Amino acid sequence: MRPEDAIDRLQLDEREVRRRRDYFQVTDEDLARLASHRDLATRHNDEVIEALYQFILGHPESRAFFPDAATVARVKQLQRRYFLGLFQGRCDPAYAEDRVRVGATHETIRMPARLYMGAYAVYLELIRAMFERELEPAAARAAYASAQRLVAFDMALAMDTYVAAAEDTIVRHQAAVRELSTPVIRVFDRILLLPLVGTIDTARAQQVMETLLTRVAEEQARVVIIDISGVPVVDTKVAEHMIMTTNAVRLLGAKTVVAGISPVVAKTIVQLGISLTALETRGRLQDAITLALELTGRAPAGRQA
Amino acid sequence: MAPTEAAEAKVLTREALPVRSEDDVVLVRRRARELAQRRGFDGFAQAAITTATSEIVRNALVHGGGGEATLEELDRGGRAGVRLTCRDEGPGVLDLERALRGGFSVTGTLGLGLSGARRLVDEFEVRSAPGAGTTVVLTKWARR
Ligand SMILES: Nc1ncnc2c1ncn2[C@@H]1O[C@H](COP(=O)(O)OP(=O)(O)O)[C@@H](O)[C@H]1O
Ligand SMILES: [Mg+2]
């Protein structure tokens with residue numbers, strides 16, 4: 001997921017950042033305390049990041065994500081900035097966006113969340129060691145507690161970035177499946193066939209209708225055959241969809257024939273009390289095609305009747 | 001009433017499913033069909049309980065703002081049944097009598113869900129009060 005998209009999705013405005021900070025209890029006091037150790041952090045910046053990457057690159061699983069020296073150099077540079085970010089004395093939307101950017105970068109290279117989170121644990125440990133070496137015990141404890149809260153805040157943003165990316169993937173796949181499952185087939189000149197398959201939920205119903213109407217106009221179709229033999233449950237929602245589609249298709253000057261109505265579906269429709277008399281219906285697809293040919297003046301006249 | 005009809009319905013299995021999204025509607029009705037199949041319902045009876053479930057659970061979502069659906073496999077004197085209890089905490093059905101007559105809808109749709117579901121099943125009960133939500137209980141028995 002692109003960092004800008006992730007930032008967009010998490011909607012990190014003042015209020016949202018405030019809400020998150022409250023939850024993690026990141027106080028202004030924490031931020032001020034960390035800022036007071038900025039010089040210390042700057043001095044130890046290289047050393048902390050080197051140690052972190054010793055861990056990351058020392059582990060075969062996480063090392064695989066850093067193929068060459070140039071990549072390592074680049075991410076180390078990013079991490080140095082990230083580390084100093086903890087000691088800037090602020091935790092506002094700009095800070096949060098910066099954190100999301102780092103999370104998105106790891107997600108983009110498809111680093112598994114567990115490896116990413118594992119590195120955070122090491123990171124915290126390094127910060128603790130740094131404070132303990134340089135500060136009086138009480139001051140070290142306080143500084144570390146503040147850092148812990150802020151890093152937890154950061155980790156949540158990283159997790160949310162991963163989740164948002166996963167959700168996006170699902171939505172994209174759904175859209176792809178929808179498109180795939182809305183095939184409008186031209187069976188003869190000016191006759192289109194729409195085989196409905198699967199569940200017709202609201203989003204798909206809209207998509208199906210739009211795709212169909214576009215094709216009717218493009219092909220100057222006269223008849224549209226909707227085959228519902230692949231629809232597992234024909235309820236009032238599906239009936240409404242068929243009626244609406246028929247009405248819209250009619251506005252474009254074409255007729256609709258519904259095919260693939262099984263005996264079970266016929267009985268169910270009648271029991272529901274749905275009247276489909278406004279629609280031409282046929283049991284078998286073959287009969288619907290014959291009717292469509294007649295309606296477009298192509299079947300031998302008088303053969304029926 | 002035949003003696004077997006008077007026998008108590010035994011609940012063989014029971015499961016509760018959330019009704020929060022359109023996907024949930026699909027999951028609940030799919031489960032209803034599975035239970036009907038397992039209980040040996042014929043194709044018509046399977047479609048009846050599945051379609052009625054679809055209508056009632058969607059109503060709970062659309063009109064009731066979501067709720068919970070409970071599906072039960074029943075046995076009454078050797079006769080197999082499937083029961084749906086669908087509960088929501090929505091505004092309740094405003095004009096129940098009219099809604100049950102059919103062809104009445106507040107959303108500009110067909111308005112045949114409630115009346116149609118009632119015709120599709122063997123037992124049908126709506127409990128609803130303004131502001132106190134809606135509970136629909138419906139049962140379909142396998143043909144002997
Ligand atoms: N669970 C519910 N909560 C509140 N109102 C409901 C509920 N179920 C049905 N209704 C009311 O009954 C009417 C008829 O329902 P239904 O026959 O399913 O038609 P539709 O859903 O198409 O409107 C609805 O328009 C609604 O006003
Ligand atoms: Mg309805």
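Numbered from 1 within each chain, the chains take letters A, B, ... in sequence-line order. A quick note: this is a predicted structure, and the numbers were derived from the prediction, not measured.
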Are more than 12 heavy atoms from other residues, nucleotides or ligands located less than 6.0 Å from atom CD of Q25(A)?
no

Non-hydrogen atoms of chain A under 4.5 Å away: do they reach the side chain of A52(B), the backbone, both or neither?
neither

Nearest heavy-atom approach of G273(A) to L112(B) is O-CD1, 3.3 Å

Contact origin within V238(A) toward chain B - heavy atom pairs under 4.5 Å:
neither

Considering residues, nucleotides and ligands other than M159(A), do more than 12 of their heavy atoms fall under 6.0 Å from its CE?
no

Is there side-chain contact between R119(B) and L272(A), with at least one heavy-atom pair below 4.5 Å?
no

With a sphere of 6.0 Å drawn around CZ of F44(B), does it hold more than 12 non-hydrogen atoms of other residues, nucleotides or ligands?
yes

R33(B) side chain to P232(A) main-chain N or O, any donor-acceptor pair under 3.5 Å?
yes

Looking only at non-hydrogen atoms, find the nearest pair between V264(A) and G43(B) and report the distance.
CG1-O, 3.8 Å

Roughly how far, to the nearest 0.5 Å, is CZ of R30(B) from OG1 of T199(A)?
6.0 Å

Please find the pair of heavy atoms, one from T236(A) and one from E55(B), that lie closest to each other, and give the distance.
N-OE2, 2.6 Å

Residue R118(B) versus chain A: region with a heavy atom under 4.5 Å
neither

Residues, nucleotides or ligands: over 12 heavy atoms within 6.0 Å of Y120(A) OH:
yes

If I take atom CD1 from residue I56(B) and atom CG from residue D235(A), how far apart are they, to the nearest 0.5 angstrom?
11.0 Å

